[in-house]
Amino acid sequence: MNAPQTSTQLEQQPYTRQEMMAIATGRELHDGELAIFGVGLSMLAGYFAQAHHAPRLRSMTEGGVYGATPVGGLPWGIECNRISANATSFTNAIDALGFLVASGRCDVGIIGAAQVDKFGNVNTTGIWDGDIGDSYRLPKTRLTGAGGANDIACGAGRVVIMVTHEPKRFADKVSYISSPGYLDGGAARERYGFVGGGPSAIVTTLGILRPDPVTKEFFLDAYYAFSSVEEIRAATGWDLKVSPNVRVVPEPTQEELAALRQVDATGALRKR
Amino acid sequence: MNAPQTSTQLEQQPYTRQEMMAIATGRELHDGELAIFGVGLSMLAGYFAQAHHAPRLRSMTEGGVYGATPVGGLPWGIECNRISANATSFTNAIDALGFLVASGRCDVGIIGAAQVDKFGNVNTTGIWDGDIGDSYRLPKTRLTGAGGANDIACGAGRVVIMVTHEPKRFADKVSYISSPGYLDGGAARERYGFVGGGPSAIVTTLGILRPDPVTKEFFLDAYYAFSSVEEIRAATGWDLKVSPNVRVVPEPTQEELAALRQVDATGALRKR
Amino acid sequence: MSQQKLITLAEAVRRYTHDGIQYASGAALPVGSDAVVFGRELLRQGRKNLHAIFHCNTQQLNLLAGAGAVTKAECGFSGLEVFGFANGLRRAVESGQTALEDYSNLAMALRLLGGALNWPFVPATVNIGSDIQHRSAFAPDDYPAKSKIPTVTDPFSGREIGAFSPLRPEVAAIHVSLADPLGNAILLGTEWSRFELARAAQKVVLIADAIVDTDCMRQYPNLVRIPDVIVDAVVYHPFAAWPQSSPGFYDADEAHMKSMNKSLSSVEGTADYLREHVTGIDDIDAYLDNIGRDKVAELSDTATAFLLAPFRQWIKTPAEVAALLAETTEETAA
Amino acid sequence: MSQQKLITLAEAVRRYTHDGIQYASGAALPVGSDAVVFGRELLRQGRKNLHAIFHCNTQQLNLLAGAGAVTKAECGFSGLEVFGFANGLRRAVESGQTALEDYSNLAMALRLLGGALNWPFVPATVNIGSDIQHRSAFAPDDYPAKSKIPTVTDPFSGREIGAFSPLRPEVAAIHVSLADPLGNAILLGTEWSRFELARAAQKVVLIADAIVDTDCMRQYPNLVRIPDVIVDAVVYHPFAAWPQSSPGFYDADEAHMKSMNKSLSSVEGTADYLREHVTGIDDIDAYLDNIGRDKVAELSDTATAFLLAPFRQWIKTPAEVAALLAETTEETAA
């Protein structure tokens, strides 16, 4: 198990934890699929997949930006000129998030999380001191809200959640469900008729969690060469179950790193 | 009262009945209003108004064709190249018929009718031999269906109906309501919450009918210089009431005829 | 990267249609952009028992119904605008051969919107209160027809409105002005409901008057209202909407609009029309010959030609398109 | 013919806004096309108690909320994408000064669609089942909040889904790339929900980076997604989205995005920001000076410049726009 990396160590490291997370996420995407990416890490992970192993991945952003790849570095937003510079089509939010995502047409979406729980529910709305209570009260810390992630969580065939692995982010139960995972587990999604299948993986800075097919509780499926089961369990806010077949995620190949760094031209993932 | 005009008489006549109807319809449109035109006569009437007395009439067709005026004669359809040749904007059906008409935003629409009844209900769907019956049965003669006229009849602030004045077209009750007028009269429209006000006039080849403010039954408001109250009552399939203030519609002015014929470049209205 | 999707018209019909299919076209208007040529090929391949979803009738539906290939149709408008009643469709409806379910034009567009969004129903503030709401050719004995436009209660006000059933046609053949080989498309003129249809349909085949290089799309991405990611196949076919019009390319063929509709008014006339203008006309050259080369030139002399000017530099020649088509065929075979 | 609708930014705010107005902008995204400059003028004129309808937060809402001018806000996303949390909005929400009602991005777009169609409600297949559905900052003591996303029963299947309330904001200030003096507008880059917003709003003010001749619209009518008939006023204002980006015109100002957001994290910083970048900057020259002429040049050197190329020939010079503006002013006075 590696110690947390500092910037002075970066030069000696072959790759950062952020890069490992982006590559592991990108590996979840398959050639020919229709995929939607959010901003930041999820966008880099998605375009990495397209650049590396899924050349016919059909991708878009929430704004209906099609056929584009980032130029000049990580785009500042899903409508940033760095991604608008080489699109083949610009449409709109209803098209991307409605016609293609909420409809169930999109195969896979990548979303981020401030907080995630054992059923894959995501909180990006706020942090409360203690329980949120029965109705609504002011958050101690206001976050970004749901954005398009709720729409992706409801509609996409499957969802990959990317999140930094820290105890405060991995809660037994999120205080506010911004984007539904499996709610209270089992077949709970069926109550709402969601066309999407729910999260298929939580890819973190330390490993990969996957849902139990029946209970839908997330368990540890794999860890990285630089992490360990113990470290991951310690960084998880619930009693994380571990797969009997828990495995080590293959390290990034030279080709993967080259493809990722071509997308991440300004090295956003190397600076963290 | 003139005899029906034949083509040999046309050269001696200052204007045809179709032209009178188009001009009388055009006079119903006011400067600055937002208006939607169908195809054929209603389009000529609308663009005549714009060319003559309502230069700031904001007009569109069902397809979301904005800022256009016909070139080279009567367009064959609302999307004909004769109207597409000088548009400032092309959008779509939901925009024109939904956002601007069904929403209640459009001030006035002009629609045609195969059959109209005393409450201004319009049938353009079919003719049955006898009553249509309790549910659905095949029409003897299939017509064109509702098109966008139903949407206009439900949503436009007011509607002007253009129709050739013949007994078979003016029924006590239409056999099929394709586009609602005042249904069975009075406040019946309120049952459906229509945002549009209903038909404000039926402009025919013989005169102009308007609805009673309370009962909503259409009465004769005005006749043309070449028609008469008797002729109109005889050509109407119900016992048409006549306004105590029934008046003669002013004949087309030279300016009106010139403007109309500029729009009707191929003389479609002169040939009928 | 998307893959090249050019195939021939015959291949598109073979691959994406079958007897009894719920087939959508006509998210266009009776005189304008519709993939009329697709209907001709459906007839050449003998497709029958179609369930036709046509936002508006066009000469395609008129021909398909007149030829007896349509069992069910759903339409907002079943005429031919200034060209009058659609005689082929009319004859099929009056004889009971085609069950025609009536909606308004907005209703059809909203039903496609609802299908694109995968909603269970679409709020209806039009069509209610008229005979469209509860008289159903698909369920002729039921009144009110609960399967057509039932009521739904607004949870905010308690007010009752209607509910449209969404449309998700199995395949749509959509006429576009310009497509690239990947399936990005530009529409000139009103979109009518082609934007929504391209998302509502389960499979999308573009029928393009011209093929352009993808550079054209990168120059004008806001014009690309149908992106390649939702397109299954691209068919190159000049004069694909004939005798209807295509803004920028050609005007409506007034004489043929009339003569075609006249032919379709009888069984015999329809047989004659099929023999003269459909059967055996199985490539683009034969098709343009059938229209008449002089007529092609005349119709191309349109007042809307300027609309196409910015894009002409990227239009591929028929030979270039043929070469690309050969590539796709090889890929598919490989 | 429509009439010329050019007015100044100050006049637009004076004429179309008031304290307590339901004001919509931000049918754009946090880094992209939003009429940020309109918010600056709202503050210069001291507008307060705003009910802000922003599909997404932008630097405009961040600034308005940070300055204490926003009582209520409805948003799909309240951050600044890669630039992090929106400190001004965040501070206003955490202190209780701004009641922020949460929806998803699709929900906001569909609520505008519903407003544009004048539907009583919009079917909701997203946002249901999460805390968004029933937790309401506008009705904090009610759970479930029946006024937010109640359930509605699909009349076809009996299935329960949600219902969104439609939005019909009193006024929308919509950023566009190009407008003509009549109010026809071209958007470059994602429309996000500007198409729907332009129809949902009761009054529409366009804020355009450049003014073009109407001939440009006649050449590219399919690009004119906002036609003049629904527009009340047109404001010419270069760099109207600054520090956000406008495809074809300028990139996002990374340094200012960060420093502005940092300033907005405190009351003092916000006061400083207003003094340095808002107060007294009451014409275009002063505004561009404030950005810095070197920065203006640097940001204009964008990789997206080619998107604007086809339209440059119709762009009016500042002097030509000023002359047109003088005409409108005379007309209004007359």
Side-chain angles (χ1 to χ4, degrees), chain C residues 106 109-110 113-114 117-126 144 146-166 176-178 185-191 194-196 215-216 218-225 247-248 304 306-311 313, chain D residues 106 109-110 113-114 117-126 144 146-166 176-178 185-191 194-196 215-216 218-225 247-248 304 306-311 313:
Chain C
L106 177 59
L110 291 176
L113 176 78
L117 287 163
N118 201 9
W119 282 350
F121 71 95
V122 183
T125 60
V126 298
K146 283 292 178 199
S147 56
K148 197 180 174 195
I149 311 178
T151 56
V152 61
T153 304
D154 168 32
F156 295 104
S157 69
R159 171 186 160 199
E160 282 203 338
I161 61 168
F164 292 125
S165 55
V176 301
S177 307
L178 304 167
I186 289 176
L187 321 178
L188 301 178
T190 169
E191 291 179 5
R194 288 177 285 173
F195 182 74
E196 291 80 14
D215 286 349
C216 177
R218 294 200 187 278
Q219 180 62 67
Y220 294 102
N222 280 95
L223 280 176
V224 179
R225 297 281 292 161
T304 61
F306 75 96
L307 291 174
L308 191 62
F311 317 108
Q313 63 179 296
Chain D
L106 177 59
L110 292 176
L113 176 78
L117 287 163
N118 201 9
W119 282 350
F121 70 94
V122 184
T125 61
V126 298
K146 282 292 176 201
S147 56
K148 199 181 173 193
I149 311 178
T151 57
V152 62
T153 304
D154 168 30
F156 294 103
S157 69
R159 169 186 161 200
E160 281 203 339
I161 60 167
F164 292 126
S165 54
V176 300
S177 307
L178 304 167
I186 289 176
L187 321 179
L188 301 178
T190 169
E191 291 178 6
R194 288 178 285 173
F195 183 75
E196 291 79 14
D215 286 349
C216 177
R218 294 201 187 279
Q219 179 62 67
Y220 293 103
N222 281 94
L223 280 176
V224 179
R225 299 280 293 162
T304 60
F306 75 96
L307 291 173
L308 191 62
F311 316 107
Q313 62 180 297

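The model shown is predicted, which means the values in this text are computed figures rather than measured ones. Residue numbers start from 1 in every chain, and the chains themselves are labelled A, B, ... in the order their sequence lines are given, proteins ahead of strands. Reckoned from all heavy atoms, side chains included, excluding hydrogens, waters and symmetry mates.
Below 30°, between 30° and 60°, or above 60°: for C/Phe311 and D/Tyr220 the angle between ring planes is above 60°, a perpendicular geometry.
Top candidate by heavy-atom pairs under 4.5 Å with chain C, chosen from D/Val122, D/Thr125, D/Leu188, is D/Leu188. Put simply, of D/Ala124, D/Pro221, D/Pro310, D/Gly114, the one with the most heavy-atom pairs under 4.5 Å next to chain C is D/Pro310. Listed options D/Pro150, D/Pro120, D/Ala309 were ranked by heavy-atom pairs under 4.5 angstrom with chain C; first place goes to D/Pro120.
For C/Ser165, the parts sitting under 4.5 Å from any heavy atom of chain D are the backbone and the side chain alike. Heavy atoms of C/Ile161 lying under 4.5 Å from chain D belong exclusively to its side chain. In this structure, chain D has no heavy atom under 4.5 Å from any part of C/Ile186.
C/Phe306 and D/Gln219 make their closest contact through O-NE2, 2.8 Å (heavy atoms, listed as atom of the first residue, atom of the second, distance).
Under a 3.5 Å cut-off, the side chain of C/Asn222 and the backbone N or O of D/Leu187 do form a donor-acceptor pair.
Applying side chain to side chain contact (heavy atoms under 4.5 Å, CB included) to C/Pro155 and the options D/Thr151, D/Ile149, D/Val152 leaves one that passes, D/Val152.
With sequence neighbours excluded, no residue satisfies ring-ring contact (aromatic ring centres under 6.0 Å, His included) with C/Phe121.
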